Structures are given as C-alpha cells and as structure tokens.
Amino acid sequence: MPTPVVDYTLAKCARGGAEMAVSDYNPAEIEKKWQDIWEKEGVFRASRDHSKPKYYVLIEFPYPSGEGLHVGHPRSNTAMDIIARKRRMQGYNVLFPIGWDAFGLPTENYAMKHKIHPRIVTEKNIARFKQQLKSLGFSFDWSREINTTDPNYYRWTQWIFLKFFEKGLAYKAEMPINFCTQCKVGLANEEVVNGRCERCGGEVIRKVKSQWMLRITEYAQKLLDDLELVDYIEKVKIQQRNWIGRSEGAEIDFSIPNSDKKIRVFSTRPDTLFGATYMVLSPEHPFVDEFKDRIANWDEVEAYRAEAMKKSDFERTEIAREKTGVPLKGFTAINPATGKEIPVWISDYVLMSYGTGAIMGVPGHDARDWEFAKKFNLPIVEVVKGGDIEKEAYTDTESGILVNSGFLNGLTVKEAIEKMILWLEEKGIGKRTVNYKLRDWVFSRQRYWGEPIPLVHCEKCGWVPVPEEELPVILPPLEDYVPTETGESPLAKVTDWVNTTCPRCGGPARRETDTMPQWAGSSWYFLRYTDPHNDREFASMEELKYWLPVDWYNGGMEHTTLHLLYSRFWHKFLYDLGYVPTPEPYKKRTSHGMILGENGEKMSKSRGNVINPDDIVREFGADTFRVYEMFIGAFDQAIPWSQQGVKGCRRFLEKVWKLQDILVGDGPSPEGYSPEFETAMHRTVKKVSLDYERMKFNTAVAAMMSLVNDFHDAGRITRGELRTLLLILNPVAPHITEEMWERVGFEGHIYQQSWPTWDESKTVEDVVEIAVQVNGKLRGLVTVPRNAPQDEVKEAVLEQESVRRYLDGKQVVKEVYVPGRIYSIVVK
RNA sequence: GCGAGGGUGUCGGAACUGGCAGACGAGCUGGACUUAGGAUCCAGUGCCCCUGGUGGCGUAGGGGUUCAAAUCCCCUCCCUCGCACCA
C-alpha cells in the first residue's frame with residue numbers, strides 16, 4: 001500500500017512555534033504512570049485463547065541474591081522485552097514470564113551467618129528484585145510468576161525426580177566425588193572450575209561418599225544428535241558437543257598370563273595395537289588390589305597410590321606436569337596382536353572415570369604415551385609411517401601408512417582401524433565402542449536450602465519413594481543450618497523428621513536427608529510457566545502443546561553447558577515418558593555478553609565497581625537505562641559500563657521528547673511521510689525491524705538517533721513520521737513513547753498497535769551520489785539517477801575538473817561502472 | 001596443546017553479497033547564550049605535510065588476488081572465550 005505524502009504547503013505548525021514548547025521530559029512521573037496502567041489493564045498477560053499464533057520468549061529466571069539486581073541482569077531482559085513487545089505488535093499471543101530460582105547456597109550461607117530462616121531471606125530478596133524489575137518496565141506476565149522454593153512448585157520437582165527413580169535413572173552410588181571444602185558439599189564435575197568450586201572459589205578435593213546420581217549418560221547420544229533440531233548459536237552447540245565428548249573406537253582385551261582375567265582398554269586407535277609396548281592402569285584400578293600377590297614392589301605401588309589419592313583432580317590433570325608412574329613388577333599382559341608379553345604400570349595420567357580406567361601404551365603414536373615411554377625408557381615401535389618417532393609421537397591419521405603391523409601393513413589409518421576392529425570382533429577379544437566424556441550427574445547436596453529428595457530408606461525394602469499424593473516432602477524448620485562436620489546435611493539432625501515409616505511395609509524407616517542441587521528447579525521451570533497454577537499436574541498437556549517449544553531463549557554464556565544440558569536432559573526424559581510434546585525444549589538459544597564495571601573488570605562487590613540500576617533509574621529514568629543497555633555495544637560481547645554513555649542516551653530521549661515542538665499539523669493525510677523523509681522513514685523502519693531480530697540493538701538505536709537528529713535539522717516532523725518513530729522506538733523505550741503517543745493525540749495506546757511495515761521500493765533513493773575512482777583513488781563524486789546508464793554517468797564524470805585532471809594525456813585502459821556504487825577508471 | 005571468535009580514531013563501536021573507512025554515542029577543542037554551566041545550541045575532531053587548496057598515509061604486522069580489500073587468500077604476532085593427560 002503506498003504511503004500518502006504530506007504537502008508541506010498545507011501543513012502548518014500545529015503548536016505555534018518554540019514559544020509554546022511542551023513541558024519538560026520527566027521520566028519519574030511518566031514511567032510510574034505507565035507501569036500502573038499496564039499493570040491495571042493486565043496488558044502483558046499471555047492469553048488463554050489458543051486460536052492466535054503463540055510466541056514464547058524466555059529469559060533465565062534470576063537467582064534473588066542479597067545484593068539485588070545489577071546492571072548485567074537487565075541486558076538480557078531488555079533485549080527479550082524488545083522481542084516480546086514487537087511480537088505482540090505483530091499479532092502474536094506472547095508468553096514472556098518471570099520467576100525465581102531461589103534455592104541455593106548464598107542464601108543459606110547468609111541465613112547461617114545471621115540466624116535468619118532462608119525462607120525469610122529469600123522472600124526479602126525476591127521483594128527487592130521484583131520492585132527493581134518492575135521499575136524498569138519489563139512486559140513480564142506477572143500473573144505467572146513462579147518460585148522454585150514454593151512447595152507448590154517443588155512438589156513437581158520432586159515428582160519428576162521420582163519418575164527418574166522409577167525408571168532406574170536415579171541411583172545411589174558410592175563414589176569419589178568433588179567436594180568443596182568451603183561449602184562442604186559435593187559438586188558435579190561441571191561445577192568444578194580450575195580445581196575450585198564454581199560458586200565460592202573454595203578448594204575442591206576428592207571424597208568418597210554415597211550420592212544420588214542421575215543417569216544423564218543414557219541420553220548422551222540423543223543430546224548430541226538432537227542439536228541438529230535446534231537453532232542455537234554455533235558456539236553453544238560446540239560447547240554442548242565438547243562436553244558430551246563422543247569418541248569412537250574399540251574396546252580391546254589384553255590377557256594376563258596365568259589368569260582368566262583380562263585387562264580391558266578403550267582406544268580410538270585400534271590400528272596401532274601392534275605398537276602397544278606396555279599398559280597403564282589408573283591407580284584406582286581394581287586389578288591393582290586383585291593382583292597384589294604378584295606385585296613384587298607393593299610398597300612402592302602403595303605409596304604411589306596414596307600420593308595420587310591425595311591430589312585433587314585438578315592437580316592430576318594439569319598438563320604441564322611431568323609424567324609419573326610406577327611399574328607393577330611381576331604383573332604383565334599379552335599384546336593380542338603381537339603375542340608379546342608387555343609390562344603393566346600405574347600412572348595418574350590414566351583416569352578411572354573415563355573409558356575402562358586402563359590404556360594400552362602406544363608411544364609411537366600418542367603424545368602422552370610417548371612422553372611416558374621416554375621418561376621410563378619403554379620401547380617405542382613405529383607402526384604408522386610418516387613421522388619421526390625418535391623426535392615425537394606421530395599422530396597424523398590422514399596420510400600415514402601402517403607398517404610393522406602384520407595383516408595391517410600398507411593400509412591407511414582409516415582402513416586399518418576398520419580391519420582391526422573386524423579382526424578383534426572375529427577373535428572375540430574386542431569390539432567397536434563409543435565413549436563419552438559426559439559423566440553421570442551427582443545429584444545430591446548435603447545442604448538444607450534445596451528440595452528434599454523424596455525417598456525413604458527402609459531396612460527391609462531398601463529405598464522407597466514417598467507416594468505421589470504425599471508430595472511435597474516439605475523442608476522441616478531448623479534451628480541451625482550448618483552441615484555436620486562429617487559433611488552430612490543439617491537435615492540429618494532433625495531426628496523426628498528423619499525417622500518415619502516405610503510407605504511400603506509400614507516398618508521403621510529413615511528419610512533421605514540430602515537435598516537437590518540448584519540445577520533441579522531450573523531444569524523444568526519453563527514448563528511450569530505454561531500452566532503455573534495447575535495443582536493436578538506440573539502442567540497440562542493442552543497448555544504444553546500450545547506453548548512449547550520455547551521460541552527464543554536468551555541467557556548468559558556461563559549457563560550454556562550446564563543448565564542447558566541438564567534441562568534438555570530432563571525434557572527429553574519427560575518426552576520419552578509422554579509428559580511433554582516436543583523432543584527439545586528450546587527452539588532458539590542466544591547469549592548475551594557480560595556488562596563489566598567502568599574499569600573494565602567484572603562487576604563485583606569486592607572490586608567496588610558495581611553499578612546499581614536503581615541509581616540510574618533515579619537519575620536518568622528507566623527508558624534511558626534501557627536505551628543505554630541496548631546501545632552500549634554489540635549484544636553478544638562483554639562491555640564496560642560508561643556513565644558518560646548513559647548521559648548521551650538521556651540526551652537522545654530529550655531530543656525525541658522535543659520533537660513535539662517541531663510537529664507540523666494534520667495536513668491532508670496525518671499518516672503520511674513528507675517527501676523529504678519518505679526514504680529515510682522506510683529505511684529506518686526496515687533497519688530497526690531487522691536489527692531487533694538480529695539482536696543488533698546498538699545499530700537499531702543508532703539509526704533512530706540519526707533520524708531524530710535529521711528531524712531537528714529539518715526543523716519539522718509530520719504526525720505520520722512521529723507516529724512511526726514512536727512505534728519502532730517503543731520496545732526499547734516504552735514509557736516515553738506511550739506518553740508522547742497520548743499527548744500528541746494518536747488513537748488508543750501503543751500496546752494496541754500493529755508493527756509498522758516498510759515498502760522495499762521506497763528504501764532506496766532515486767538519485768544517488770557515487771564515487772569516481774581513477775587508478776583506485778577517489779578523485780570525485782557525481783550525483784546521478786540510481787539506475788542511470790553508463791554513458792550518462794560517464795558524461796557527468798568527465799565534466800568533473802578534479803577527475804579530468806587525472807585523465808588528460810593518459811590512455812583509458814579499463815572502466816568499471818557499478819550502478820549506485822562506483823565509477824572506476826584505469827589509465828596508463 | 002585443541003576448538004571457536006576477535007584485533008578499526010582518545011574511548012564504546014559502525015561499515016550490504018569486496019565499492020567514498022570511522023555511522024551513532026562519548027570525550028576533546030573553539031564559539032554562542034549565561035551570575036554560573038556538569039544545561040542547551042553552533043562548528044571542528046583518524047594521522048602527517050600545508051596559509052589555504054588539492055596532496056600523502058591509514059582498519060595488528062608482512063605478502064598476495066582485484067579496476068577496487070577492514071572485508072577474499074597465505075604467513076606472523078597479539079587478545080578473549082570454551083575444552084584440556086578423555087586414551
């Protein structure tokens with residue numbers, strides 16, 4: 001539809017000039033006003049009407065810490081608020097929910113220190129966060145607010161856990177776990193960062209404990225494969241793949257002389273079997289004890305094991321460390337390919353937790369084995385030709401050719417791997433295997449402030465689930481939240497809660513005193529949002545079918561391995577049980593960069609560089625804050641905060657406000673654009689619309705800034721132009737735009753309007769200025785019709801004195817004309 | 001070490017499928033209005049030479065492809081993030 005154009009001769013200044021300037025921009029007043037209206041009218045509530053197309057926008061729900069919101073949180077919120085508001089204007093039924101991931105250690109630690117119940121601390125923190133978020137004008141559907149510490153919520157977290165238990169995916173295991181010496185809790189591998197606790201930075205040691213585990217490894221392949229089904233930024237997919245860490249190879253059995261037992265190893269390079277000149281067991285490998293009798297140097301072995309045990313996983317896996325190890329004297333194995341007897345060692349570079357806890361040493365073709373063999377003078381045999389194994393291990397798998405390997409000689413590595421696997425399978429001494437780095441998930445915490453694990457231990461019946469109708473198992477009140485010295489949960493001290501009866505046999509039983517990790521509640525919260533008040537199921541299939549999957553999920557890069565993997569796992573499990581309608585929870589995932597302090601460092605209380613959004617809102621207003629958060633820089637990059645930059649955004653909004661002073665009257669068509677600005681309007685609508693979708697918020701804001709500057713330079717803006725500008729600016733600055741919309745007298749409210757469209761043919765100028773180059777150097781500019789034919793342009797070019805000067809007396813060798821872009825001449 | 005992404009003014013950052021580098025904002029300089037200015041408005045602002053002009057040089061460094069390179073190719077350096085003795 002063509003946009004009508006306003007004739008300036010008819011358009012007179014409606015407000016009569018500068019002496020009648022509108023009142024000053026006062027964000028404090030108008031922001032409160034519009035927030036109240038939105039709340040009263042419930043305009044951002046997702047509709048139960050399923051006839052409209054839906055759009056589910058999700059942000060990571062915040063952990064309500066005692067420090068309150070800092071300027072990092074709203075980056076994601078504002079971005080997704082822009083998407084949510086735009087989608088509503090595009091006619092979607094939008095779900096943009098909010099809630100609280102409120103279980104967790106900082107609250108518990110605070111409660112311990114100040115002797116206040118964590119529930120009270122949590123409530124207080126939530127109230128603060130809520131007030132802060134509301135002051136920023138996000139279009140959340142507050143009627144669907146959830147809280148993971150609400151028994152009505154964690155009832156279903158417990159329920160899902162029981163499903164895992166029923167299906168055998170939750171199991172108890174006696175195993176060495178990562179234990180944070182400061183928090184006194186067990187940690188998942190994912191929570192250990194550089195040998196320290198991800199949350200508190202405390203030292204992590206290995207401790208053998210009986211723990212509840214979730215069998216996420218069962219879903220490794222699905223979690224990997226189904227990344228194909230989703231639209232995540234590539235970086236995130238790579239991280240997920242890395243973490244799952246699939247590798248293909250073979251398991252091979254090495255027989256032990258005078259024993260039925262075999263040492264099983266996993267190798268991705270079975271082709272190098274002929275080059276295996278020794279074996280290495282992990283110090284924890286059970287064979288070390290089993291074959292104690294044969295081991296001549298037991299004292300030495302035992303000392304080494306004790307040493308290894310003391311080391312944290314981090315120390316053990318530090319790559320810079322020199323290899324250590326001890327031979328198991330008297331204990332040997334047979335290389336099944338060569339038939340030779342080879343020595344067996346123990347070394348801590350072999351991990352019990354990966355593969356089989358044992359490896360075959362192929363020093364010619366594995367860098368670690370090479371280093372080990374060099375140090376301990378073990379034989380190095382070349383079985384793949386192509387490198388110099390005297391200097392380093394030859395690990396290339398592309399161009400090497402097998403040698404010294406019997407039936408494999410002459411083959412490429414790829415062929416040899418296949419042939420070797422067939423040979424192993426034929427002989428019954430090995431088979432094709434896939435291994436994953438992913439480990440099962442340590443799911444219990446010996447802490448108070450988490451969901452109680454709803455199981456009861458009965459002497460007779462073993463572990464028995466609490467019946468569904470008795471859920472939730474409520475956290476009992478407590479005097480003291482300190483874990484016991486042995487690392488037991490403080491719940492263990494509440495004897496009248498712990499002692500109960502077995503739901504199966506009625507006999508005496510004890511409750512599980514461990515609680516769930518913080519990841520539990522956040523693994524399914526997006527499901528609850530679809531039907532948050534349901535007290536019969538975690539969410540009805542009807543609502544789930546309508547709303548799932550989440551259309552767009554944005555969050556921090558720091559959650560892309562753990563939270564994303566865990567929640568995908570829970571979702572897939574529920575999908576297999578028929579409780580959710582989609583195999584994947586999130587259709588699209590993006591990530592935002594961190595906001596740093598003004599000194600370029602990570603914002604933290606200890607560094608003293610925290611910026612509180614409340615102060616910004618008080619001084620500049622929420623709209624300025626939002627505009628700045630989006631304008632600050634590329635959305636996916638970490639960026640330092642700048643108080644100066646905030647001021648610039650406030651100035652921009654002042655200029656927007658002052659457009660009221662230069663508004664020209666109704667004219668023949670109030671919706672029209674002036675000829676002068678027609679192209680700019682269509683172009684800006686296009687740019688802003690597309691930039692929002694691509695999360696290029698900074699350039700979208702810049703485009704609107706330019707446009708506003710141009711209106712002030714021109715000294716006039718038509719109602720049609722202002723109307724469109726307010727619509728496209730609204731998602732970023734919702735309060736000022738609603739207020740101006742009302743003051744100028746446009747119909748209804750912006751939240752009831754449709755998103756403006758643009759006419760592609762009107763986004764380009766009819767007449768353009770193009771550059772003229774001579775021998776690659778800019779020598780002039782000509783203004784010509786956009787699609788002018790070459791000879792017409794040439795004429796204009798030759799009229800230019802500045803160009804002719806470089807052509808005189810020269811021979812033109814080549815001319816290149818790109819319409820609308822450039823006219824390039826080459827001379828000799 | 002492996003994988004991914006980067007290196008552009010004083011700063012944050014722009015630049016479509018190669019086509020006038022530095023949009024927009026900040027800062028800075030000068031001016032106007034002012035009792036005042038941390039308000040507002042106007043002008044300037046990549047570097048070098050120059051009275052001005054047109055001129056030369058410029059996107060980490062070096063080389064290449066092209067009429068034309070921040071953008072494509074090769075080499076080197078540096079930074080950020082993720083993984084890291086995973087057999």
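Throughout, protein chains are lettered first and strands after them, A, B, ... in sequence-line order, and every chain is numbered starting at 1. None of the values given here were measured: they were computed from a predicted structure.
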Return the value, rounded to whole Å, for the distance between atom [atom1] of [X] and atom [atom2] of [N].
{"X": "A:Lys658", "N": "B:rA39", "atom1": "NZ", "atom2": "P", "result": "12 Å"}
{"X": "A:Met594", "N": "B:rG5", "atom1": "CE", "atom2": "P", "result": "20 Å"}
{"X": "A:Tyr354", "N": "B:rA84", "atom1": "OH", "atom2": "P", "result": "12 Å"}
{"X": "A:Asp366", "N": "B:rG1", "atom1": "CG", "atom2": "C1'", "result": "13 Å"}
{"X": "A:Lys814", "N": "B:rA68", "atom1": "NZ", "atom2": "P", "result": "9 Å"}
{"X": "A:Asp710", "N": "B:rA23", "atom1": "CG", "atom2": "P", "result": "14 Å"}
{"X": "A:Phe652", "N": "B:rA26", "atom1": "CZ", "atom2": "C1'", "result": "16 Å"}
{"X": "A:His559", "N": "B:rG82", "atom1": "NE2", "atom2": "P", "result": "13 Å"}

Quick one: which of [options] gets closest to the side chain of [X]?
{"X": "A:Phe631", "options": "B:rG25, B:rG19, B:rA23", "result": "B:rG25"}
{"X": "A:Ile639", "options": "B:rG19, B:rG13, B:rC20", "result": "B:rG13"}
{"X": "A:Asn242", "options": "B:rC83, B:rC20, B:rU17", "result": "B:rC83"}
{"X": "A:Leu781", "options": "B:rA14, B:rC67, B:rC20", "result": "B:rC20"}
{"X": "A:Ile238", "options": "B:rG3, B:rG12, B:rU40", "result": "B:rG3"}
{"X": "A:Thr268", "options": "B:rA14, B:rA87, B:rC85", "result": "B:rA87"}
{"X": "A:Ile822", "options": "B:rG19, B:rA84, B:rC24", "result": "B:rG19"}
{"X": "A:Gln239", "options": "B:rC67, B:rA87, B:rG82", "result": "B:rG82"}

Considering just the side-chain nitrogens and oxygens of [X], establish if one lies under 4.0 Å of OP1 or OP2 belonging to [N].
{"X": "A:Asn775", "N": "B:rC67", "answer": "no"}
{"X": "A:Arg651", "N": "B:rU40", "answer": "yes"}
{"X": "A:Ser642", "N": "B:rC11", "answer": "no"}

Does [N] pair with anything, Watson-Crick or G-U wobble, both distances under 3.5 Å, and if so, with which nucleotide?
{"N": "B:rA87", "result": "none"}
{"N": "B:rC2", "result": "B:rG82"}
{"N": "B:rU40", "result": "B:rA32"}
{"N": "B:rG27", "result": "B:rU45"}
{"N": "B:rG58", "result": "none"}
{"N": "B:rC77", "result": "B:rG7"}
{"N": "B:rG19", "result": "B:rC67"}

If we take the [atom1] atom in both [N] and [M], what is their distance in whole Å?
{"N": "B:rG55", "M": "B:rC16", "atom1": "C1'", "result": "31 Å"}
{"N": "B:rG22", "M": "B:rA15", "atom1": "P", "result": "13 Å"}
{"N": "B:rA87", "M": "B:rG5", "atom1": "P", "result": "23 Å"}
{"N": "B:rC49", "M": "B:rG53", "atom1": "P", "result": "15 Å"}
{"N": "B:rU29", "M": "B:rC83", "atom1": "C1'", "result": "50 Å"}
{"N": "B:rA69", "M": "B:rG63", "atom1": "P", "result": "14 Å"}
{"N": "B:rU66", "M": "B:rG46", "atom1": "C1'", "result": "26 Å"}
{"N": "B:rG13", "M": "B:rC85", "atom1": "C1'", "result": "42 Å"}

Calculate, to the nearest 0.5 Å, the distance between atoms [atom1] and [atom2] belonging to [X] and [Y] respectively.
{"X": "A:Asp366", "Y": "A:Thr395", "atom1": "CG", "atom2": "OG1", "value": "8.0 Å"}
{"X": "A:Ser642", "Y": "A:Ile611", "atom1": "OG", "atom2": "CD1", "value": "9.5 Å"}
{"X": "A:Asp661", "Y": "A:Lys658", "atom1": "CG", "atom2": "NZ", "value": "8.0 Å"}
{"X": "A:Arg650", "Y": "A:Lys655", "atom1": "CZ", "atom2": "NZ", "value": "13.5 Å"}
{"X": "A:Thr324", "Y": "A:Trp345", "atom1": "OG1", "atom2": "CH2", "value": "10.5 Å"}

Fill in the blank from the handout: chi for B:rG64 classified (syn = within 90 degrees of 0, anti otherwise) as anti
Handout entry: Syn/anti state of B:rG37 by chi, 90° boundary around 0
Key = anti
Within the structure shown, what part of the strands sits under 4.0 Å from [X] by heavy-atom distance: base, sugar-phosphate, or nothing?
{"X": "A:Thr561", "value": "nothing"}
{"X": "A:Gln644", "value": "sugar-phosphate"}
{"X": "A:Ile770", "value": "nothing"}
{"X": "A:Arg779", "value": "sugar-phosphate"}
{"X": "A:Asn709", "value": "sugar-phosphate"}
{"X": "A:Ala703", "value": "nothing"}
{"X": "A:Lys696", "value": "sugar-phosphate"}
{"X": "A:Glu815", "value": "nothing"}
{"X": "A:Val826", "value": "sugar-phosphate"}

Handout entry: Toward the 5' end of RNA chain B, by each residue's nearest nucleotide, A:Gln773 or A:Gln637
Key = A:Gln637
Handout entry: RNA chain B: 5'-proximal contact among A:Ala634 and A:Ile825 (nearest heavy atom)
Key = A:Ala634
Practice task
Indicate the ring-plane relationship of A:Tyr628 and A:Trp641, choosing parallel, tilted or perpendicular according to the 30° and 60° boundaries.
Solution key: perpendicular
Exercise for the section: Mark yes or no for a side-chain to base donor-acceptor pair under 3.5 Å between A:Arg241 and B:rC83, with no hydrogen or angle criteria applied. Expected result: no
Exercise for the section: Classify the side chain of A:Lys323 versus the base of B:rC85 as yes if they form a donor-acceptor pair under 3.5 Å and no if they do not. Expected result: yes
Problem - Heavy-atom check, side chain of A:Ile359 versus side chain of A:Asp369, under 4.5 Å - result: yes
Problem - Min side-chain heavy-atom separation A:Phe635-A:Ser591 under 4.5 Å - result: no
Exercise for the section: Would you please indicate if the ring centroids of A:Phe697 and A:Phe631 are separated by under 6.0 Å? Expected result: no
Problem - N/O donor-acceptor pair under 3.5 Å between A:Glu382 side chain and A:Ile389 backbone - result: no
